Amino acid sequence: MTSLLSIRHVEKHFGRVRAVNGVSLDIRENEFFALLGSSGSGKTTLLRMLAGFETLSGGQILLNGRDISNVPPNHRPVNLMFQSYALFPHMTVAQNIAYGLEMEKLPRAEIRARVDEILGTIQLSALAARKPEQLSGGQRQRVALARALVKRPQLLLLDEPLGALDKKLRSEMQLELKRIQHQFGITFIIVTHDQEEALVMADRIAILQHGELVQCAPPREVYEHPATRFAAEFIGVMNVFPVQRDGMRLTAADGSLIHASIPEGLGAEIVAAVRPERLRLDAETCDNRLSGRIIATAYHGLDLQVHVATPAMAKPMVCRVTADAAEARNFRAGDLLTLGWNSADTRLFAA
Amino acid sequence: MQDRRSLVLVAPAFAWLTAFMVVPCLLILALAFFRRGLYGGIDYEFTFENFAMVLDPLYARIFLKSAWIAGLAALIAAVVGYAAAYAIASMPRHRQPALLFFAILPFWSNYLVRTYAWIVLLNREGLIVGIARALGFSGEMPQMLYTEGAVVLGLVYNYLPFVILAAYAPLSRLNPEISEASRDLGAGRWTTFRRVVLPITLPGVATGFVFVFVLSIGNFVTPALLGGGQFQMIGNLVYDQFLSANDWPFGSALSMVLIAVMLVLLTAQTFANERASTGRQSAEPVDG
Amino acid sequence: MADRLNMQVMLLILGLVFAFLYLPISVLVGLSFNAGGMPTAWTGFSLKWYGALFANRDILRAAGNTLIVGLVSAGIATILGTLLAIGIEIRRRKGRLLETLIFAPMVIPDIVLAIALLSFFSLLDVRLGLHTVILAHVVFNLAFVCAVVRARLKSFDWSIVEASADLGASMLTTLRRVVLPALAPAIIAGGLLAFTLSVDEFIIAFFTAGPERASITLPMQIYAMIRFGVTPEINVLATLVIGFSLVTLALSQRLNRGGLPGQ
């Protein structure tokens with residue numbers, strides 16, 4: 001596959017702070033790519049460098065093989081959908097969308113046709129003459145998207161595009177964004193701090209921490225095979241507990257044997273990690289077992305979360321039990337049981 | 001109940017403002033419709049004469065002159081003030097409050113003293129002439145003090161901080177992502193300024209312009225000190241009616257015209273701002 | 001790059017504007033220490049003009065009058081303005097009339113208010129003097145104090161008033177023990193501001209002080225002196241007046257971190 005965008009050893013320093021520290025990524029044509037990280041991870045700085053609003057302290061950004069590191073934002077075939085949407089308050093919806101086309105000095109008739117077309121696509125034709133402040137949050141978000149898309153950029157950057165929406169609208173828009181990306185055939189790079197959003201939408205996810213790239217992989221791999229303890233804990237829920245290493249022998253804090261394949265290069269300070277849905281309750285057959293006591297249960301509709309205190313971990317372990325299984329066996333706080341999971345589901349990381 | 005109790009707190013100030021502002025203003029409103037007595041008194045006889053007199057070519061010319069000078073001063077103050085406010089707003093955030101404070105500081109020092117400073121600079125034995133001489137310029141220096149230019153300069157100098165303050169407010173509130181969005185969509189710096197930043201932040205400057213205009217057109221100190229009585233402005237005319245010509249009804253009529261100009265401008269500007277910010281006038285769907 | 005150029009242009013603009021704002025005043029201050037007293041030649045540092053000024057009885061009397069007017073009018077305005085601000089803020093229905101009434105003194109041209117008061121006082125046959133200046137100055141001082149206190153009240157936590165009432169305090173006790181102490185910095189700042197404004201005010205004082213020399217205020221004295229031309233004494237007086245305004249303003253700013261009300 002050809003790579004549309006190459007980010008090579010990119011650095012950004014603000015004084016002594018290294019906001020982005022030697023990040024390299026290749027993003028393919030037509031990809032839906034997510035930059036995931038908490039605040040201060042450098043994801044927004046990286047995005048702003050792609051848009052041209054931050055100069056690089058080091059490295060290169062290539063678009064279709066051409067170095068665009070020093071191209072000003074108004075000359076890049078890249079558009080950004082801003083976190084605040086940044087709609088022009090003194091212009092109508094139609095004027096906002098037409099603005100970028102006017103900058104290309106297109107004939108008026110063409111501008112008009114393209115504005116009308118995209119208004120239809122985002123289902124806002126009826127609101128073309130409104131000013132931004134007369135729109136709802138969701139409508140503003142669509143206008144911001146349309147304004148960037150109408151220029152048919154090679155690359156569309158989206159800075160926390162769903163951050164300002166409420167939860168229900170957000171999950172609708174996640175699917176909508178995917179549909180639009182597919183329809184326009186444009187590469188999307190989205191910045192988000194919401195791991196669920198990244199998992200749902202992206203073809204690939206890059207996890208950033210302290211300005212450095214931790215892992216770049218498709219959602220499933222990121223979830224099942226996190227590269228570091230940070231990635232493991234950042235994505236989804238993970239039970240993490242310390243283990244003692246003695247050669248190839250691993251023991252939990254209470255002395256229970258832990259079976260897992262030990263990756264190369266792992267030192268003596270190790271933690272073991274297992275996802276809640278991989279844990280079994282009352283499972284004597286699993287090769288890893290811990291005894292525990294239920295301290296609380298939390299009903300989540302589809303499933304039941306059971307919090308189990310074990311000697312292996314200071315915090316209770318979280319287990320996800322399907323609603324059916326939960327109904328078959330009535331879990332109650334105070335019950336004693338044996339937690340189990342398979343060695344294949346155990347991940348080991350440097351502490 | 002709460003509202004009734006609050007009346008006790010409001011009442012003293014309310015009474016004071018009524019007695020020493022509302023009533024006196026109503027009084028001169030009434031005076032404007034009476035006739036001037038033969039020896040400077042007032043004949044209590046209803047008339048429109050005083051307002052008709054405002055339209056007399058002699059006074060109409062003074063009016064136009066005042067409007068011209070006030071307009072020029074307001075325009076220059078608006079342009080310079082906007083540029084200064086823009087410059088302050090582009091400095092690092094933490095520096096801005098101090099810069100703004102020092103830009104407004106002169107506004108709080110004595111008006112007469114600030115005007116006097118320009119007499120020192122501009123007069124025929126003043127500092128500017130002195131410097132020119134010291135630099136070896138020996139020709140005839142143009143008259144600087146007691147000119148229209150000096151009056152405009154004095155007004156701009158005195159009211160500039162006010163425009164800076166008025167223009168800074170919308171500039172500092174402007175979301176920086178708005179300008180970035182314009183750049184991102186392909187606009188250069190100048191286009192971004194002209195089509196995005198300026199239209200959004202213009203209302204602040206408009207407020208500044210209106211205030212400078214109103215304050216200038218009724219000013220009598222600056223024309224008297226820097227214009228040296230070379231020409232009259234409405235303020236001087238009002239001054240004369242009360243302190244030398246003793247035609248209080250005409251002076252009152254002039255004041256009322258001044259108030260009317262101010263009200264019209266302020267209302268127009270408020271209306272324009274509301275229209276600009278809401279845009280509800282164009283809410284109906286656009287044609288295809 | 002372009003950004004750096006942009007920044008340099010902005011710095012240039014700021015430099016020019018600040019030079020324009022401060023050079024004329026600085027020249028005055030500098031000249032007040034000039035032994036020769038004339039603007040065209042520097043003949044050495046001297047305080048002799050300060051000495052001359054303090055020997056001028058007319059100026060001293062005018063300064064005394066100004067202090068009286070400033071203190072009394074600012075005092076009255078502080079009390080009335082504070083009560084007004086609290087009264088307005090606790091009202092549920094915000095009267096448009098009241099808002100206009102307290103906004104008016106800030107926008108009515110000084111000369112209009114001045115001649116209106118002159119007409120008013122002479123119609124009632126009130127003898128003009130310092131007392132009429134005080135009555136007049138309270139009008140605009142009141143509006144300024146009210147604006148400063150209201151700005152503070154906007155961020156005031158009204159639940160402490162309810163807490164005080166809940167703990168058994170009467171309305172008056174609550175005002176005295178809870179509201180006023182919380183507002184004290186803003187009230188003092190507003191009062192200082194009013195004092196500065198009153199001390200500097202010329203036009204209204206000029207019309208309402210009457211013809212007697214005994215009721216001349218400092219700005220009136222300055223105006224009369226300026227009309228005679230440039231003299232070393234005015235430079236000194238101007239320097240002192242500027243210094244005085246700056247000190248009171250700095251004090252007011254210090255007390256009330258809410259910021260400078262921009263008229």
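Owing to the predicted nature of the structure, the values given are computational and were not obtained by experimental measurement. Labels below follow one simple rule: chain letters A, B, ... track the order of the sequence lines, proteins then strands, and each chain is numbered from 1.
A donor-acceptor pair under 3.5 Å is absent between the side-chain atoms of B:Trp108 and the main chain of C:Leu193, judged by distance alone. A donor-acceptor pair under 3.5 Å links the side-chain atoms of C:Tyr22 to the main chain of B:Phe102, judged by distance alone.
Within the 4.5 Å cutoff, the side chain of C:Phe20 has heavy atoms near those of the B:Leu153 side chain.
Ranked by heavy-atom pairs under 4.5 Å with chain C, the list B:Ile217, B:Asn110, B:Val113 is led by B:Asn110. Your options are C:Leu246, C:Ile203, C:Ile86, C:Thr196, and the one with the most heavy-atom pairs under 4.5 Å with chain B is C:Ile203. Chain B forms the most heavy-atom pairs under 4.5 Å with one residue out of C:Leu117, C:Leu16, C:Leu12, C:Leu135, and that residue is C:Leu135. Here B:Leu112 is the residue among B:Leu121, B:Leu254, B:Leu112, B:Leu160 with the most heavy-atom pairs under 4.5 Å with chain C. Counting heavy-atom pairs under 4.5 Å between each of C:Leu28, C:Val17, C:Val9 and chain B puts C:Leu28 at the top. No other option in B:Leu258, B:Leu263, B:Ile259, B:Thr18 has as many heavy-atom pairs under 4.5 Å with chain C as B:Ile259. Counting heavy-atom pairs closer than 4.5 Å to chain B, the top-ranked of the candidates C:Phe140, C:Phe121, C:Phe244, C:Phe206 is C:Phe206. Note: C:Pro24 leads C:Pro24, C:Ser245, C:Ala114 in heavy-atom pairs under 4.5 Å with chain B. When each of C:Val138, C:Ile222, C:Ile25 is scored by its heavy-atom pairs under 4.5 Å with chain B, the top score falls to C:Val138.
Proximity to chain C is limited to the side chain of B:Phe211, based on heavy atoms less than 4.5 angstrom apart. Proximity to chain C (any heavy atom under 4.5 Å) is shown, for B:Leu9, by both the backbone and the side chain. Heavy-atom distances place the side chain of C:Leu142, and not its backbone, under 4.5 Å from chain B. Residue contact with chain C, scored on non-hydrogen atoms closer than 4.5 Å, involves the backbone and the side chain of B:Leu99 alike. Heavy atoms closer than 4.5 Å to chain C are found in the backbone of B:Ala19, but not in its side chain. Residue C:Val112 touches chain B through both its backbone and its side chain, counting heavy-atom pairs closer than 4.5 Å. Proximity to chain B is absent for every atom of C:Leu23, based on heavy atoms less than 4.5 angstrom apart. Heavy atoms closer than 4.5 Å to chain C are found in the side chain of B:Leu243, but not in its backbone. Interface remark: C:Leu84 contributes backbone and side-chain atoms alike to the contact with chain B (heavy atom separation under 4.5 Å). Proximity to chain B involves both the backbone and the side chain of C:Leu11, based on heavy atoms less than 4.5 angstrom apart. Proximity to chain C involves both the backbone and the side chain of B:Ile88, based on heavy atoms less than 4.5 angstrom apart. Residue contact with chain B, scored on non-hydrogen atoms closer than 4.5 Å, involves the side chain of C:Leu123 exclusively. If you measure heavy-atom distances from C:Thr208 to chain B, you find no contacts under 4.5 Å at all. Both the backbone and the side chain of C:Leu101 come within less than 4.5 Å of a heavy atom in chain B. Heavy-atom distances place both the backbone and the side chain of C:Val139 under 4.5 Å from chain B. For C:Leu98, the part lying under 4.5 angstrom from a heavy atom of chain B is the side chain only.
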message = Under the criterion side chain to side chain contact (heavy atoms under 4.5 Å, CB included), I'd like the reasoning laid out for C:Asn235 against B:Val120: C-alpha separation, chi angles, the key distance, then a yes or no.
response = CA-CA 9 Å; C:Asn235 298 340; B:Val120 172; 4.2 Å; yes
request  = Please step through ring pair (Phe, Tyr, Trp, His ring centres under 6.0 Å) for the pair B:Tyr111 and C:Phe202, ending with a clear verdict.
outcome  = CA-CA 8 Å; B:Tyr111 186 96; C:Phe202 165 62; 9.0 Å; no
message = One pair to check against side chain to side chain contact (heavy atoms under 4.5 Å, CB included): C:Ser119 and B:Leu31. What are the steps and the verdict?
response = CA-CA 9 Å; C:Ser119 312; B:Leu31 274 185; 3.9 Å; yes
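The distance from the CD1 atom of C:Ile88 to the CZ atom of B:Phe14 is 10.0 Å, given to the nearest 0.5 Å. Atom CG of C:Leu113 and atom SG of B:Cys25 lie 6.0 Å apart (nearest 0.5 Å). Here the straight-line distance linking atom OH of B:Tyr82 with atom CD1 of C:Ile13 works out to 11.0 Å at 0.5 Å rounding. Expressed to the nearest 0.5 Å, how far CD1 of C:Ile111 lies from CD1 of B:Ile234 amounts to 10.5 Å. Taking CG of C:Leu118 as the start and CD1 of B:Ile28 as the end, the distance is 10.5 Å to the nearest 0.5 Å. Going from atom CZ of B:Arg114 over to atom CD1 of C:Ile242 covers 9.5 Å, rounded to the nearest 0.5 Å.
Heavy atoms only, all atoms of each residue included: B:Pro92 and C:Met7 are closest at CD-CE, 4.2 Å. Here the shortest heavy-atom pairing between C:Val107 and B:Met262 reads O-SD, 3.1 Å. Nearest approach of B:Gly251 to C:Ile115, heavy atoms of both residues: O-CD1, 4.4 Å. Residues C:Leu80 and B:Pro12 come closest through the heavy atom pair CD2-CB, 3.4 Å. Closest approach of B:Pro106 and C:Leu21 over heavy atoms only: CG-CB, 4.2 Å.
By the 30° and 60° cut-offs, the orientation of the rings of C:Phe207 relative to B:Tyr239 is perpendicular.
Between B:Tyr116 and C:Tyr223, the distance separating the two ring centers is not shorter than 6.0 angstrom.
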